[in-house]
Amino acid sequence: MTETRAWSYDGTELAWLQKRLARSTAGPGHVVSDLVPSEYEAFVRIFHRFEATDRSGRNLTWQELAEDSGVPFHPEMSHWWLRREGPDPERTLWQAEDGALDHTSRRALVRVLAGVSGDQAVHFAYDLAALLWGEETPLVHRAPLTDLEAVRETVVDTVGESGPEFWWPQDRSWVVTTSYDLLSTYVGCSAETAELILSDGDLETLPVTPQARVDRESEPPRRP
């Protein structure tokens, strides 16, 4: 007999966020507003770095793989559009991590957002990961933004190495969402904050809209 567990956000710090996640129009697949509240002024997609599967420590950007695959570097780009073999002579296999922004990008994003929010406390939340790992309720840790890595270490035996799935400061001026099974992270924020993220050289980013597809089954735009 299958056991069904109730999963509620009532009384948790995630309640305000979950009430604001919804798409405004019907359509296929999942969109940015399923992950980030549409009330923000601007939205950014951060692509998780591709790493060589030979453990050499080499990285490739989505844009490099898109060029090699003959597809546009696009806000709705899916990893299914790309060849897994890279453009190098050895045709190395490349893989990006789902459910977790890579370390270099996390560090860069923390640096940018710390400049925006200062020493505000930040909520780091685990939702689907907590459910899948058998927790009774979502897990939310409140800590300084610069303690992100310490939070990840604290919960690794509870929810694994993914996430956090959601993080936001006390004033809710931005939200970062890394869905448990996606290869990109999405940020809702002000136009000024979006520009800081988009211009950071350690992050591979594109601006997106609340209606942009985020799921892997999006299709490349047709050539004119």
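Count residues from 1 along the sequence. Please read these numbers as outputs of a predicted model, since none were measured by experiment.
- Under the 4.5 Å side-chain heavy-atom criterion for ILVMFWY residues, a single connected hydrophobic cluster contains both Phe166 and Leu132.
- A side-chain donor-acceptor contact under 3.5 Å links Tyr9 and Asp127.
- A side-chain N or O of Thr178 and one of Thr185 form a donor-acceptor pair less than 3.5 Å apart.
- Residues Pro75 and Leu206 come closest through the heavy atom pair N-CD1, 3.6 Å.
- Using a 4.5 Å heavy-atom cutoff, the side chains of Leu198 and Pro207 are in contact.
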Evaluate the criterion side-chain contact (heavy atoms from CB on, under 4.5 Å) for residue pair Val187 and Val175; output intermediate values, then yes/no. CA-CA 6 Å; Val187 184; Val175 170; over 6 Å; no
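- Here the side chains of Val110 and Trp167 are in contact, with some heavy-atom distance below 4.5 Å.
- Ion pairing between Arg111 and Asp202 holds under the 4.0 Å rule for side-chain N and carboxylate O.
- When atom types are taken as modelled, the side chain of Glu76 and the backbone of Arg213 share a donor-acceptor pair closer than 3.5 angstrom.
- Counted within 6.0 Å of CD on Glu161, heavy atoms from surrounding residues, nucleotides or ligands total 12 or fewer; the atom is thus considered open.
- Remark: the backbone N or O of Ala96 is not paired with any side-chain donor or acceptor of Arg49 at under 3.5 angstrom.
- To the nearest 0.5 Å, atom CG of residue Asn59 and atom OG1 of residue Thr104 are 6.5 Å apart.
- Of all heavy-atom pairs spanning Ile197 and Val112, the tightest one is CG1-CG1, 3.9 Å.
- Taking 4.0 Å as the cut-off between side-chain N and carboxylate O, Arg20 and Glu39 count as a salt-bridged pair.
- Nearest heavy atoms, Ala125 versus Val140: CB-CG2, 3.9 Å.
- Looking only at distances, no side-chain donor or acceptor of Thr193 sits under 3.5 Å from a matching main-chain atom of Cys189.
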Dump the intermediate steps for side-chain contact (heavy atoms from CB on, under 4.5 Å) on Glu135 and Thr158, then the final yes or no. CA-CA 8 Å; Glu135 294 298 306; Thr158 306; 3.2 Å; yes
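- Pro210 and Ser38 make their closest contact through CB-CB, 4.2 Å (heavy atoms, listed as atom of the first residue, atom of the second, distance).
- To the nearest 0.5 Å, atom CZ of residue Arg107 and atom OG1 of residue Thr146 are 14.0 Å apart.
- In this structure the side chain of His141 reaches within 4.5 angstrom of the side chain of Thr154, judged on heavy atoms.
- At least one donor-acceptor pair under 3.5 Å links the side chain of Asp102 to the backbone N or O of Ser105.
- For Tyr186 and Tyr40, the ring centers sit 6.0 Å or farther from each other.
- Of the N and O atoms on the side chains of His48 and Ser184, not one donor lies less than 3.5 Å from an acceptor on the other residue.
- The shortest heavy-atom contact between Val214 and Leu182 is O-CD2, 3.7 Å.
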Could you go through the side-chain contact (heavy atoms from CB on, under 4.5 Å) check for Leu21 and Leu35 one step at a time? CA-CA 6 Å; Leu21 298 181; Leu35 305 176; 5.7 Å; no
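- Distance CG/Leu131 to CD/Glu136: 9.5 Å, rounded to 0.5 Å.
- For Asp181, the CG atom is densely surrounded, since the number of other residues' heavy atoms within 6.0 Å is greater than 12.
- Of the possible donor and acceptor atoms, one in the side chain of Thr12 sits under 3.5 Å from a partner among the backbone N and O of Leu14.
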Phe50 vs Trp62, test: ring pair (Phe, Tyr, Trp, His ring centres under 6.0 Å). Steps then yes/no. CA-CA 7 Å; Phe50 278 97; Trp62 286 65; 5.0 Å; yes
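- Between Leu196 atom CG and Asp200 atom CG the span is 9.0 Å, to the nearest 0.5 Å.
- Between Trp168 and Trp16, the angle of the ring planes goes over 60°, which puts this pair in the perpendicular group of the 30/60° scheme.
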Report the C-alpha distance between Glu165 and Thr177 in whole Å, list the side-chain angles of each, state the deciding distance to 0.1 Å, and finish with yes or no for side-chain contact (heavy atoms from CB on, under 4.5 Å). CA-CA 5 Å; Glu165 290 168 71; Thr177 300; 5.8 Å; no
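- Formation of a donor-acceptor pair under 3.5 Å by the Glu41 side chain with backbone atoms of Ala191 is found in this model.
- Between the side chain of Arg106 and the backbone N or O of Leu101, at least one donor-acceptor pair lies under 3.5 Å.
- Under the 4.0 Å criterion applied to side-chain N and carboxylate O atoms, Glu13 and Arg142 are not assigned as salt-bridge partners.
- Panel note: side chain Asp98, backbone Leu183; no donor-acceptor pair is recorded below 3.5 Å.
- Residues Pro72 and Met77 approach most closely at O-SD, 3.6 Å, considering heavy atoms.
- Of the possible donor and acceptor atoms, none in the side chain of Glu67 sits under 3.5 Å from a partner among the backbone N and O of Glu64.
- Between the side chain of Asp34 and the backbone N or O of Val31 there is at least one donor-acceptor pair closer than 3.5 Å.
- With hydrogens and angles left out, the side-chain atoms of Trp174 and Ser117 include a donor and acceptor closer than 3.5 Å.
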